[in-house]
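Since the structure comes first, as structure tokens, the remarks are kept for the end.
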Amino acid sequence: MGAAVGAVLLLVGAAFGRADVAVLAGPLVGAALWGWLRTPSRDVEVSVGARDEADGSPDEAAGSDGTAGSDETVPRAGVAAGDEPGTLRTHVRVRAPRDTAGVALAVRRSNRSQDEVVVQVRGTRTVPLVVRTVRTGPQTVAEVDAIGIGPGGTSVSEPVEPASDEALVLPTPGPLAQLPLPHRLRGLSGAHPSRRPGEGGGLRDVHPYAPGDRLRRIDWRVTARRSPRLQELYVRRELALAEAVVLLVVDSRDDVGPDPRTWRGSSRPRATDPTSLDLARQAATSLAQAYLSAGDRVGLDDLGAVRRPLPPGGGRRQLDRIRHALALTRPEGEPLHRVRAPQLPSGALVVVFSTFLDDAAADAAVQWRRAGHRVVAVDVLPTLREAALRDRERLALRLVRLARTDRLAAVQDADVELVSWRDAPQVALAGLARSGQRRPGAGAGVR
């Protein structure tokens, strides 16, 4: 542009004999020639991912949310310790040729522009990048476009191939208080009083002393009341402590967002909207942490895939296995049709996480309940947005809701307990825990 304007001024000055106009063309043509001679010989290079410490220190961050980062070492995306849940940290590594005045970086996430920044690069520069997400599982952290700017802004490079980085976002557990227990407890140790005689639990009864009873179990008050002359001793007998076996079953066949228009797969849900599978991952992780903290054993299975389930286990490592397995859970091809529900350990508590948009998860829950398991169905369908729906879409959604309501009613009629994760799940789970502790006839009116 400078050369073109300078050439026009030079021609005008020569045509009309205006030397002053011709002189004005000199700086423009000189600046254009200077910029052309110093144009970088190659394009910039950009990458997103693991940082090479030998390439220099990081510079000020450009976050995808518009916030500035720190000068600390930036770990790989998705593995940052001590950050808020849903915070991913990575970096953008830019290599620019000589005489590059700057590089324009554009950060995109889910095909939507998030932030743009121009940085000065001399050789190589590492720019920390902070991304916040509400989604879990494997996902692209961000896509970065880069364009090099020549000296004085006289030239720009061709856009390079977008660079991106992948991360596995683990679900974050939430706090839960009281939880339901299975009808039968297993194991010789644990944190819950069972119906089996033993030690450590609540009071079972007071019984006359028999060979094998420990002397420290003698209840002297009951003995003094029932046998004042100490002709017979009475001991307190307790219930044994046992553990619960819990199996978390995730229905990964559906991954729907709060906008029903995205259910047909023509468009993806927004990056700011958690889907049903995100809610299922978060709910299953919360329950796993709560049960494992109480000393119970927890396993994991997937209704949408034919693979070996994660067997019940305990401890911190089991929670890490469950979180990692949940993060990898996703819809795989056509929905799987099961003839019968998977086999479970006897006496286990089964928690099914599903949207219940079809009969598969509901039928499996009913089969497990008929087999004698206590089954809790957790509804993970997000709160739907209907404001932008057209009349035809509203009618289709109404039909889906009617079928889903009938399906959930049939599940409850089969003695399967229902919890909605979007409506105060802590309160609902605490109510199920209290209802399981009631004795037969408790709360009945006096006649």
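Computed from a prediction, not measured in an experiment: that's the story for all the values here. The residues of the chain are indexed from 1 along the displayed sequence.
- Residues in residues 418-432 take part in these salt bridge (charged side-chain N to carboxylate O under 4.0 Å, His left out) pairs, two or more places apart or across chains: D379-R422.
- Evaluation of the salt bridge (Lys or Arg N to Asp or Glu O under 4.0 Å) rule for R390 yields E393 as partners, not counting sequence neighbours.
- Once rounded to the nearest 0.5 Å, the distance linking CG of L381 with CG of L279 reads 9.0 Å.
- Without hydrogens or angle criteria, R321 side chain to L310 main chain gives no donor-acceptor distance under 3.5 Å.
- A donor-acceptor pair under 3.5 Å is absent between the side-chain atoms of T285 and the main chain of P173, judged by distance alone.
- Expressed to the nearest 0.5 Å, how far CG of D165 lies from OG of S47 amounts to 9.5 Å.
- Results of the side-chain hydrogen bond (donor to acceptor under 3.5 Å, both in side chains) test with R281 over T136, T172, T329, T275 single out T136 as the only residue that passes.
- In this structure a side-chain-to-backbone donor-acceptor pair under 3.5 Å is present from R109 to T140.
- A side-chain donor from one of S252 and D302 sits under 3.5 Å from a side-chain acceptor of the other.
- Evaluation of the side chain to side chain donor-acceptor pair (under 3.5 Å) rule for W421 yields Q282 as partners, not counting sequence neighbours.
- Counted by atom type alone, S354 and R253 present zero donor-acceptor pairs between their side chains at under 3.5 Å.
- Applying the salt bridge (Lys or Arg N to Asp or Glu O under 4.0 Å) test to R392 and every residue at least two apart in sequence or in another chain returns nothing.
- Taking every heavy atom of both residues into account, A146 and L105 meet most closely at CB-CD2, 3.7 Å.
- Applying the salt bridge (Lys or Arg N to Asp or Glu O under 4.0 Å) rule to R330 yields no partners; only residues at least two apart in sequence or on another chain are considered.
- If you check the side chains of Q367 and R370, you find no donor sitting under 3.5 Å from an acceptor.
- S293 meets the side-chain contact (heavy atoms from CB on, under 4.5 Å) test with Q289; sequence neighbours excluded.
- Listed by chain and number, the residues in a side-chain contact (heavy atoms from CB on, under 4.5 Å) with E45 are R42, R95 (sequence neighbours excluded).
- A salt bridge is defined here as a Lys NZ or Arg NE, NH1 or NH2 lying under 4.0 Å from an Asp or Glu carboxylate O, and D301 with R307 fails to meet this definition.
- Not a single donor-acceptor pair under 3.5 Å links the side chain of W368 to the backbone N or O of V375.
- Between E386 and R401 there is a salt bridge, since a side-chain N of the basic residue sits under 4.0 Å from a carboxylate O of the acidic one.
- Taking 4.5 Å as the limit, every side-chain heavy atom of E166 sits out of range of all side-chain heavy atoms of P138.
- Between the side chain of D259 and the backbone N or O of R261, at least one donor-acceptor pair lies under 3.5 Å.
- The two residues G49 and T90 come nearest to each other via the heavy atoms N-OG1, 3.8 Å.
- Between L176 and Q426, the shortest heavy-atom contact is CD2-CG, 3.6 Å.
- Not a single side chain to side chain donor-acceptor pair (under 3.5 Å) links T262 to another residue, sequence neighbours left out.
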Run the side-chain contact (heavy atoms from CB on, under 4.5 Å) test on Y291 and L349 for me, step by step, so that the C-alpha distance in whole Å, both residues' side-chain angles and the decisive distance to 0.1 Å come before the verdict. CA-CA 11 Å; Y291 280 112; L349 170 66; 3.2 Å; yes

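- In this structure, CG on D358 lies 6.5 Å from CG on D251, to the nearest 0.5 angstrom.
- Counting only heavy atoms from C-beta outward, the side chains of V376 and V352 never approach each other to under 4.5 Å.
- For the pair T355/V380, a side-chain contact is recorded, criterion being any heavy-atom separation below 4.5 Å from C-beta on.
- Residue-environment remark: CG (D391) stays at or below the threshold of 12 foreign heavy atoms within 6.0 Å.
- Under the side-chain contact (heavy atoms from CB on, under 4.5 Å) criterion, A430 pairs with Q178, R434, not counting sequence neighbours.
- When only modelled atom types and interatomic distance are considered, R323 and Q318 share no side-chain donor-acceptor pair under 3.5 Å.
- The stretch residues 146-161 participates, sequence neighbours left out, in no salt bridge (charged side-chain N to carboxylate O under 4.0 Å, His left out) pair at all.
- One finds the CG atom of L179 at 6.0 Å from the CG atom of L287 (value rounded to the nearest 0.5 Å).
- Side chain of R369 to main chain of H373: a donor-acceptor pair is present (N/O by atom type, distance under 3.5 Å, no hydrogens or angles).
- For the pair L129 and H91, the minimum side-chain heavy-atom distance is 4.5 Å or more.
- Considering all non-hydrogen atoms of both residues, G315 and L292 come closest at O-CD1, 3.8 Å.
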Intermediate values then yes/no, side-chain contact (heavy atoms from CB on, under 4.5 Å), V107 and E143: CA-CA 6 Å; V107 180; E143 294 182 347; over 6 Å; no

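- Scanning both residues, P382 and G257, for their nearest heavy atoms gives CG-C, 4.2 Å.
- The shortest distance between side-chain heavy atoms of V130 and L88 does not fall below 4.5 Å.
- Scored by the salt bridge (Lys or Arg N to Asp or Glu O under 4.0 Å) test, R270 finds no partners at all (sequence neighbours excluded).
- Under the 4.5 Å side-chain criterion, counting only non-hydrogen atoms from C-beta, P312 is not in contact with V246.
- Residue L277 holds its CG atom at 9.0 Å from CZ of R135, rounded to the nearest 0.5 Å.
- Across V250 and A284, no two heavy atoms sit closer than the pair CG2-CB, 4.4 Å.
- In this structure, CZ on F353 lies 11.5 Å from CG on L303, to the nearest 0.5 angstrom.
- Checked against side-chain contact (heavy atoms from CB on, under 4.5 Å), V134 has the following partners two or more places apart in sequence or in another chain: P274.
- Listed for the R394 side chain is a donor-acceptor partner under 3.5 Å among the backbone atoms of L389.
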